[in-house]
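Step one of this worksheet: look at the structure below.
When a ligand or atom number is given, it counts from 1 through the structure's own listing order. Residues take their numbers from the sequence shown, with the count starting at 1. Keep in mind that the numbers below use all heavy atoms, side chains included, and drop hydrogens, waters and symmetry copies. All figures in this text were calculated on a predicted structure; none of them were measured in a lab.
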Amino acid sequence: MSDVTATYRVPSGPDLHKKAEGIALGLTVGSWTNLPALEQSQLQQHKGEVVSVTDDGSQATLTIRYPAANFSPDIPAILTTVFGKLSLDGTIKLVDLSFSESLAQQFPGPTYGIDGIRKQLGVTDRPLVMSIFKGMIGKGIDEFESQLKAQARGGIDLVKDDEILFDNPLTPFEYRVTIGKRVLDQVERETGRRVLYAVNLSGRTYELRDKARRAAELGASALLFNVFAYGLDVLQALAEDPEIPLPIMAHPAVSGALTASPEYGIANQVLLGKLLRAAGADLVLFPSPYGNVALAQEETTAIASALTEQAPYRSAFPVPSAGIHPGLVPQLIADFGVHSVINAGGGIHGHPDGAAAGATAFRQAVDAVQNGLTLEDAAREQKELSAALNLWGVPQ
Ligand SMILES: CSCCC(=O)C(=O)COP(=O)(O)O
Ligand SMILES: [Mg+2]
């Protein structure tokens, strides 16, 4: 049977079975008043079913299954069913969500995912390294071009716009795409390495599809998308469009408003993990456990698992981000493995010898870990890594 199963965390207390039954009924066939008996029996197949109720004395967990016959197979309908009105109804957090196999198949998942992006880049055996344009607001297209060249020549695999760089007269969207393509083609000719650039797809919702199609026509290599400012269904529409054949990188901006409370909202592993993957994100940024905007270690592990564990979809790249510098590379690889992206803005542009050296320092740090060396040992031979470690250190 096609269905969605939702798990909620609520405060411990008496009458939890009654509470769970109230949710299962209230979000499906229930009403605040009794319906005639005949109508009740006809509605039985639509009723939510309480799967389990557990209580550890401080917190309780309620799991409820909702028949897919109640909703159309899209994320807005599913979220409204499992956590629409309920999200407004007291202390309750949606901590897990699973689709039955037939429901899961209604969603696209990543078009490229980890394997597809690795294939485009020709990099199979190490974490990818990504850099973020920084300080571009108020700067012109020449600055954009020189920053991109420096990052790409330094050894970066992917470059992304910062999420706060929107369409603007100094660096218009289409210019960034065309100049980005020219620079990256030139770097490929020079070095033999393919680098992807994710341009920030921004603007009004109804403009996005045409803008993304235009970007593809102009030779864009990837899109950055502030999905939570728009909605998961907008991401899905972009991912499913055959005229937008580009990897999509989901930025977590705004998601904290939905996830940050331990008692309310939606768990990170559901929103940034399962739902982003189902909706078609190829790469997912989230706060790392050690940077300046940090998430708890177990939450980041749960996000990364939801993006990569067994599912009817391709795996999406986990991109733990914020406050990342080369000294953190061993920890990042230990925590997130080889199939992750190491992403830095300040940690590249703040390098004492500039962005190209910043990019090189990251690649040297990755190579050191891959070769079983400590960063300190590798830095004896490599001046870019040495300068980065002198500035930011290696956490012990
Ligand atoms: C909170 S995850 C997204 C990180 C981000 O958008 C960013 O710009 C990180 O920049 P940083 O200089 O901290 O690497
Ligand atoms: Mg940013």
Should one rank K134, E163, M130 by closest heavy-atom distance to atom 8 (O) of ligand 1, which comes out on top? K134
Nearest to atom 13 (O) of ligand 1 by heavy atom, S288, P252, G323: which?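 Among S288, P252, G323, the closest heavy atom to atom 13 (O) of ligand 1 comes from G323.
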For residues Y197 and F144, establish whether the separation of their ring centroids is below 6.0 Å. yes
Which atoms of ligand 1 are found less than 4.0 Å from any heavy atom of [X]?
{"X": "H251", "result": "3 (C), 5 (C), 6 (O)"}
{"X": "G346", "result": "11 (P), 12 (O), 14 (O)"}
{"X": "I132", "result": "7 (C), 8 (O), 9 (C), 10 (O)"}
{"X": "A344", "result": "14 (O)"}

Does K211 count as lying over the ring of F173, i.e. NZ or CZ under 6.0 Å from the six-ring centre, within 45 degrees of the axis? yes
Does N343 approach ligand 1 within less than 4.0 angstrom via side chain, backbone, both or neither, non-hydrogen atoms only? neither
Test item: side-chain donor near acceptor, E163 and N226, under 3.5 Å: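 Checked: E163/N226 side chains show no N/O donor-acceptor pair below 3.5 Å.
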Do we see a donor-acceptor contact under 3.5 Å between the side chains of Q151 and S131? yes
Are any side-chain N or O atoms of R193 and backbone N or O atoms of E188, one a donor and one an acceptor, separated by less than 3.5 Å? no
